[in-house]
Amino acid sequence: MKYSLGNILYFWPKAKVESFYRQAKESNADIIYLGESVCSKRRELKLKDYLAIAKDLATSGKQVVLSTMVLLEAPSELNELKRYCDNGDFLVEANDMAAIQQLSSHNLPFVAGSALNIYNHHTLELLYKQGMSRWCMPVELSRDKLVNVVKQCEEIGIRDKFEIEVTSYGHLPLAFSARCFTARSEDRDKDDCQLCCINYPTGRITKSQEGDNLFVLNGIQTMSGECYNLTAEQQSMMGLVDIMRVHPESDNAFNVLKQLKNQQSIPLSSGHSNGYWHQIAGIHIG
Amino acid sequence: MELLCPAGNLSSLKIAIDNGADAVYIGLKNDTNARHFAGLNFTDKKLEQAVQYVRDHNRKLHMAINTFANSDHWQTWQQSVDLAANLGVDALIVADISVLNYAATHYPDLELHLSVQASATNAGAISYYKENFNVKRVVLPRVLSIHQVKQLARTTDVQLEVFAYGSLCIMAEGRCHLSSYLTGESPNMNGVCSPAKYVQWQENEHGLESRLNNIVIDRYAPEEPAGYPTLCKGRFDVDETRYHALEEPTSLNSMELLPELVQMGIASVKIEGRQRSSAYVRDVTRSWRQAIDACLSSNDFKVKPEWDECLSSLSEGNQTTLGAYHKRWQ
């Protein structure tokens, strides 16, 4: 099993990001994802800053992957995507078909991120032929569904052609909108957001009227209210999953990686869930 | 400009045609359909009758096979494509890459439209689907501003279809797991958002309460109108504030944008609502037929009050919005 550190999904100040990656360099992560995937207005770090961090991380033997935007609308966002794809050094995680279009037309390999709707072996086969070297499955897929996809991949002879990665810890990205919900929570439009996401380093928790953790508002992204925790499932992933991904919530990510590396788990405490893996509602514990 | 109307059954389809739809879109009674609600949609036999009725009236029939195929039952999607091709539907609305690939390979003459569920929001994604599967048309997600739609229309030679009226998905379609997170049933895989079987209503000391899989979505004061508990339209608490954290109950209505849509060469305006009644299909189709005809024949198009009233009365919460088309909404 390999362990990966997902890109930071929240909006953190530059100094905090740099300090985070200094720790990441010493962490148990084999693979580190870097880059902005949520909102193009978050520009504390620019591509050149990420590339500088990437080069530094690569010297410690980590595989560095550049994560790209999920929701691309403006032509300026497409141009930025092209710059990520043409970086010349690092593997890229595609989170929209525009990235696959760009990468495959330049014969570059890519990671297919969990925001892409890839649910079956035939789609995997086609994307493998277009350069996919790793598939991070959609967050809502269960172990049973994955077993079936893998079985079918074996039958058509492509199981060993790419790696399979599963989002294993952190609040799950569930939805993406044109609207910025963090700005809305401060009664402002997106155009006048004043980059307020920076004031919420782990997003804004949204509860039901009975106090259930439902969602976390993170700009245009809506995340799961519970922290997804599959750390106790490592055994059940053996032979099925190649990489477990940990999303940074805070510096705690390094502890999660350490526990995973030591074949230990983080207890499923209050505020955690694992339902999707067990093919029940994601918010529940299976 | 084509007026494309929804039909959840044969009688709605006939009503849509009889009231001026240029084309109608429908889906099968199975998991391939992103409006897979109980009691709706078409069996093989009904589909045959639908094809015949549409053909007799010289209109077009689009069939949505627009969920994401899973490895367990991939042949269900394959068989649905075969059926549609053999019966002669005019276009398939498809989201899944493997299904697009199958249809493009086996039925190269069958017109493919990229479903909104594929979430193609930019020129790069549109090029991907055009180059790989020769899609003729893309249905744009309801996340783009009118300016962004215009930019796309300028840069692509693929036909564009936009949502004109109906329930408002506020998330990029195909990229929303909120309903699956609460219920375990995935709109992407099973085709239903906030499924009715998980909905509960109860009167208690808090008033009327709606729940989805036992989670409170909203509570209503005595005179307050209550809406279907689609979870993105619920009232939740963010810190100490209770409000519609994502969106209020409202529907999309873009009628006032018609002249702009015509000018930018939009191929088709789509009415949402395959799950709605025949009366809804009749009234909405009629209003939009008149509006499009008026818009095409005059340089001074104004939305008539009777169209506005009709569309508002059929909307969620009796209110409408321009949604993401209008920058301020975002």
Side-chain angles (χ1 to χ4, degrees), chain A residues 70-75 77-78 81 96-102 115 117-123 126-127 138-140 145 148-149 151-152 172 174-181 184-185 189-191 204-212 214-215 217 222 224 275-276 279-284, chain B residues 68-72 74 95-98 101-102 117-125 127-129 131 142-145 148 151 155 170-172 174-178 180-184 186 188-189 206 213 215-217 219 234-239 241-242 245-247 324 327-330:
Chain A
V70 173
L71 186 58
L72 295 152
E73 296 161 319
E77 291 169 339
L78 270 187
L81 172 75
D96 184 85
M97 296 314 290
I100 294 187
Q101 173 69 2
Q102 179 67 18
N117 285 323
I118 303 170
Y119 287 90
N120 66 68
H121 53 294
H122 290 306
T123 297
L126 199 125
L127 293 177
V139 297
E140 65 171 356
K145 290 273 182 212
N148 244 309
V149 175
K151 194 171 128 222
Q152 300 292 336
L172 297 172
L174 294 179
F176 299 84
S177 177
R179 173 175 271 178
C180 177
F181 301 108
R184 179 176 169 84
S185 76
D189 310 334
K190 186 163 73 177
D191 275 351
R204 296 202 82 177
I205 185 78
T206 302
K207 294 177 184 262
S208 77
Q209 297 185 28
E210 288 183 322
D212 308 291
L214 287 189
F215 307 121
L217 307 179
T222 307
S224 64
Y276 275 141
Q279 206 155 318
I280 56 174
I283 195 170
H284 291 152
Chain B
F68 293 92
N70 60 59
S71 280
D72 327 11
W74 192 81
D96 186 281
I97 287 173
S98 66
N101 193 39
Y102 177 79
Q117 299 299 121
S119 213
T121 53
N122 60 72
S127 298
Y128 177 85
Y129 290 103
E131 287 175 22
R142 281 160 279 190
V143 295
L144 298 175
S145 68
Q148 288 167 336
Q151 280 177 324
T155 53
I170 58 162
M171 306 298 180
R175 285 178 155 178
C176 179
H177 300 312
L178 299 188
S180 107
Y181 183 64
L182 288 201
T183 69
S186 155
N188 278 358
M189 291 188 280
H206 304 293
N213 203 15
I215 301 271
V216 177
I217 302 300
R219 285 169 174 163
R235 250 181 302 206
F236 307 120
D237 295 344
V238 179
D239 289 336
T241 312
R242 178 166 297 170
L246 304 173
E247 176 60 310
K327 244 346 199 119
R328 287 293 304 276
W329 178 91
Q330 304 189 6

- So, does A:S208 use its side chain to make a donor-acceptor pair with the main chain of B:V216 at under 3.5 Å? no
- Within-4.5 Å side-chain heavy-atom neighbours: B:M171 and B:L246: yes
- Message: Ignoring hydrogens, what is the shortest heavy-atom contact between A:V139 and A:Y276? Give both atom names and the distance.
- Response: O-CD1, 3.4 Å
- Message: Please classify the contact between A:D212 and chain B as side chain, backbone, both or neither, with a heavy-atom cut-off of under 4.5 Å.
- Response: side chain
- Under 4.5 Å from a heavy atom of chain B, the part of A:L71 involved: both
- Answer with side chain, backbone, both or neither: which region of A:Q152 has an atom nearer than 4.5 Å to a non-hydrogen atom of chain B? side chain
- Contact part of B:R242 toward chain A, heavy-atom cut-off under 4.5 Å: side chain, backbone, both or neither? side chain
- Message: Heavy-atom cut-off 4.5 Å, strictly under: side chain, backbone, both or neither for B:T183 against chain A?
- Response: backbone
- Message: Counting only non-hydrogen atoms closer than 4.5 Å, does A:I118 touch chain B with its backbone (N, CA, C, O), its side chain (CB onward), both, or neither?
- Response: neither
- What part of B:Y129 is in contact with chain A, defined as an atom under 4.5 angstrom from a non-hydrogen atom: side chain, backbone, both or neither? side chain
- Item | Per-residue contact mode, A:D96 against chain B (heavy atom under 4.5 angstrom) | both
- Item | Side-chain donor-acceptor pair present, B:S180, A:E140, cut-off under 3.5 Å | yes
- Structural part of B:Q117 lying under 4.5 Å from a heavy atom of chain A: backbone
- Most contact-rich option vs chain B, by heavy-atom pairs under 4.5 angstrom, among A:Q209, A:R204, A:K207, is A:Q209
- Message: Need one label for A:L72: side chain, backbone, both or neither, based on atoms under 4.5 Å from any heavy atom in chain B.
- Response: both
- Note on the structure: Residue from B:S145, B:A95, B:A118, B:G184 scoring the most non-hydrogen pairs under 4.5 Å with chain A is B:G184
- Item | Any side-chain heavy-atom pair of A:N117 and A:Y119 under 4.5 Å | yes
- Considering only heavy atoms, which portion of A:L217 lies under 4.5 Å from any heavy atom of chain B: side chain, backbone, both, or neither? side chain
- Task: Return yes if a side-chain donor-acceptor contact under 3.5 Å exists between B:D96 and B:S98, otherwise no.
- Result: yes
- Message: With no hydrogens and no angle check, just 3.5 Å: does a side-chain donor-acceptor pair link A:N148 and B:N70?
- Response: no
- Could you tell me which portion of B:W329 (side chain, backbone, both or neither) has an atom closer than 4.5 angstrom to a non-hydrogen atom of chain A? both
- Note on the structure: Looking only at A:I280, A:I205, A:L81, the option with the highest number of non-hydrogen pairs under 4.5 Å against chain B is A:I205
- Item | Part of B:S119 within contact of chain A (heavy atom distance under 4.5 Å) | backbone
- Message: Is B:N213 close to chain A through its backbone or its side chain, or both, or neither, when contacts mean heavy atoms under 4.5 Å?
- Response: side chain
